[in-house]
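Have a look at the structure below, then the notes.
Throughout, a chain's letter reflects where its sequence line sits, starting with A, and its residues are numbered from 1.
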Amino acid sequence: MIFLKLFYKFFSTGLFSVGGGLATLPFLQRMADETGWFTRAQLADMLAVSESTPGPIGVNMATYVGFTTGGTQWGIPGSILGALTATLGLVAPSIIVILIIAGMLNKFGESRLVKSAFYGLRPASVALIASAGLSVALEVFVKPGILEAKWDIGKLLGYFDYRAIILAVILLVLTRYVKFTKKLHPICFIALSAVVGVVFRFAGA
Amino acid sequence: MELLKMFLTFAKVGVMTFGGGMAMLPILEREIVEKNGWATNEELTDYFAIGQCTPGIIAVNTATFIGHKKHGVIGGIVTTLGIVFPSLVIISVLAGIITNFSHLAWVSNAFAGIRVCVCVLIFNSVVKLWKSAVKDRWGCVIFALVLILAVFVDVTPVIFVVLAAVAGVVIKSLEARK
């Protein structure tokens with residue numbers, strides 16, 4: 001029964017991948033090799049689509065793999081069933097583990113030990129979020145190959161993406177300082193940036 | 001009734017998340033903290049920290065936490081289903097229709113623009129969270145150390161989270177002894 005196996009495979013992926021959506025990728029690669037449900041080339045396409053659609057990447061990947069795998073069995077109904085089983089399999093361990101932790105926090109959350117643990121943990125959590133942002137920023141503002149410029153300032157300056165930097169400065173001003181726009185929903189700025197990206201061909205495509 | 005509202009809100013968050021779990025943070029702040037008051041910025045930071053070192057996807061873990069906080073086990077399940085619901089629908093539709101969606105020129109251009117925005121939004125979130133998370137000199141030290149290590153050393157974030165929690169316990173107990 002392929003659907004049971006699909007659920008089981010994604011359950012173990014969800015259980016053992018720690019630290020965000022892309023952490024599931026090595027598990028999916030192994031799944032491709034072991035089961036033959038899909039190829040690694042297909043997986044690369046799925047990753048590209050998952051990155052360019054809304055929603056958490058890990059969840060998108062699970063849905064996509066489930067959809068593809070289920071479809072090999074029963075056509076469209078199989079695809080939908082496969083998408084459901086893979087996604088539910090992936091999130092089931094999270095739900096169980098988090099519910100246990102949340103229950104314990106309710107019980108011991110007021111204890112001195114837990115409070116002082118969180119006192120140290122909060123700055124670390126913000127730092128991890130900042131580092132995630134920083135790695136996106138490097139990818140966005142700096143062109144690949146900057147290390148080859150060595151210390152040649154003239155060459156170095158050529159490796160920055162100035163259009164992206166200008167857009168970022170405009171967004172920064174709009175989201176933080178302009179009274180009329182800073183209360184707008186974040187999705188407005190995302191939409192605006194998408195339009196700017198298309199109009200000015202940000203990816204060069 | 002609030003359960004339905006939570007499901008819809010988290011589905012909305014799922015739809016609006018472009019470019020990975022971290023990009024969800026600014027949307028969560030707006031929808032969960034500012035609009036509905038289901039959690040505080042401080043709690044959101046805690047959930048993200050725990051989400052980083054527990055199995056599964058951070059966005060899903062955070063959703064489960066907030067659901068559990070408001071409505072127990074059922075709440076946790078409802079919010080989790082809410083956050084994955086849009087992915088299920090969108091990916092199924094796309095996978096059924098086109099396979100090389102991401103190769104379209106306008107899609108990659110749009111996402112190049114969106115990524116710039118995601119950087120700015122994450123920066124704004126970090127500034128906001130900083131105010132509730134970093135209370136004193138020790139907080140600054142932990143923040144700086146973790147940021148530098150996370151950027152330059154390629155290890156799992158679990159280590160930083162565990163070490164920071166231990167550091168918190170040590171600092172607090174030393175302070176208590178004084």
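No other option in A:Gly14, A:Ala191, A:Pro186, A:Gly133 has as many heavy-atom pairs under 4.5 Å with chain B as A:Pro186. Between chain B and the residues A:Thr175, A:Leu90, A:Thr68, A:Val196, the largest count of heavy-atom pairs under 4.5 Å involves A:Thr175. With respect to chain B, the highest number of heavy-atom pairs below 4.5 Å among A:Ala132, A:Ala117, A:Ala92, A:Ala130 belongs to A:Ala117. Taking A:Leu128, A:Val97, A:Val91 one by one and counting their heavy-atom pairs under 4.5 Å with chain B, the maximum is reached by A:Leu128.
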Sequence neighbours excluded and cut-off under 3.5 Å, please list the side-chain donor-acceptor pairs for residues 76-88 of chain B, or say none.
{"unit_1": "B:Thr79", "atom_1": "OG1", "unit_2": "B:Ala63", "atom_2": "O", "d": "2.8"}
{"unit_1": "B:Thr79", "atom_1": "OG1", "unit_2": "B:Gly75", "atom_2": "O", "d": "3.0"}
{"unit_1": "B:Thr79", "atom_1": "OG1", "unit_2": "B:Gly76", "atom_2": "O", "d": "3.1"}
{"unit_1": "B:Thr80", "atom_1": "OG1", "unit_2": "B:Thr64", "atom_2": "OG1", "d": "2.9"}
{"unit_1": "B:Thr80", "atom_1": "OG1", "unit_2": "B:Gly76", "atom_2": "O", "d": "2.6"}
{"unit_1": "B:Ser87", "atom_1": "OG", "unit_2": "A:Asn60", "atom_2": "OD1", "d": "2.7"}

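Taking 4.5 Å as the limit, every side-chain heavy atom of B:Phe18 sits out of range of all side-chain heavy atoms of A:Thr53. In this structure, the side chains of A:Ile98 and B:Tyr47 stay at 4.5 Å or more apart for every pair of heavy atoms. Taking the side chain as every heavy atom from C-beta outward, A:Val126 and B:Phe143 approach each other to under 4.5 Å. No side-chain heavy atom of B:Val134 sits under 4.5 Å from any side-chain heavy atom of A:Arg122. Looking only at side-chain heavy atoms (C-beta outward), B:Phe65 and A:Ile101 come within less than 4.5 Å of each other. Between B:Ile57 and A:Ser94, every side-chain heavy-atom pair lies at or beyond the 4.5 Å cut-off. A heavy-atom distance below 4.5 Å is not found between the side chains of B:Thr17 and A:Pro54.
The part of A:Phe141 that comes within reach of chain B is its side chain, from C-beta onward, which places non-hydrogen atoms under 4.5 angstrom from that chain. Neither the backbone nor the side chain of A:Gln42 comes within contact range of chain B; no heavy atom of the residue lies under 4.5 Å from a heavy atom of that chain. For chain B, no part of A:Ser79 is nearby; none of its heavy atoms comes within less than 4.5 Å. When heavy atoms are compared at a cutoff of 4.5 Å, A:Ile80 does not approach chain B at all. Heavy-atom distances place the side chain of A:Leu88, and not its backbone, under 4.5 Å from chain B. For A:Phe67, the part sitting under 4.5 Å from any heavy atom of chain B is the side chain, from C-beta outward, and nothing else. Looking at A:Leu105, only its side chain comes within 4.5 Å of chain B, counting heavy atoms on both sides. At a 4.5 Å heavy-atom cutoff, the contact between A:Asn106 and chain B is made by side-chain atoms alone.
Both the sub-6.0 Å distance and the 45° axial angle are not jointly satisfied by B:Lys135 relative to the ring of A:Tyr119.
Atoms NZ and NE2, on B:Lys35 and A:His185 in that order, are 5.0 Å from each other to the nearest 0.5 Å. The OG atom of A:Ser50 sits 4.5 Å away from the CD1 atom of B:Ile91 when rounded to the nearest 0.5 Å.
Side-chain atoms of B:Arg30 come within 3.5 Å of backbone atoms of A:Leu184 as a donor-acceptor pair (strictly under, hydrogens ignored).
Here the options are A:Leu167, A:Val136, A:Leu134, the test is side-chain contact (heavy atoms from CB on, under 4.5 Å), and the partner is B:Cys119; only A:Val136 passes.
Residues B:Ile27 and A:Ile187 approach most closely at CD1-N, 4.5 Å, considering heavy atoms. Considering all non-hydrogen atoms of both residues, B:Met16 and A:Ile190 come closest at O-CD1, 4.1 Å.
Remark: A:Arg201 CZ is loosely packed, at most 12 non-hydrogen atoms of other residues, nucleotides or ligands lying under 6.0 Å away.
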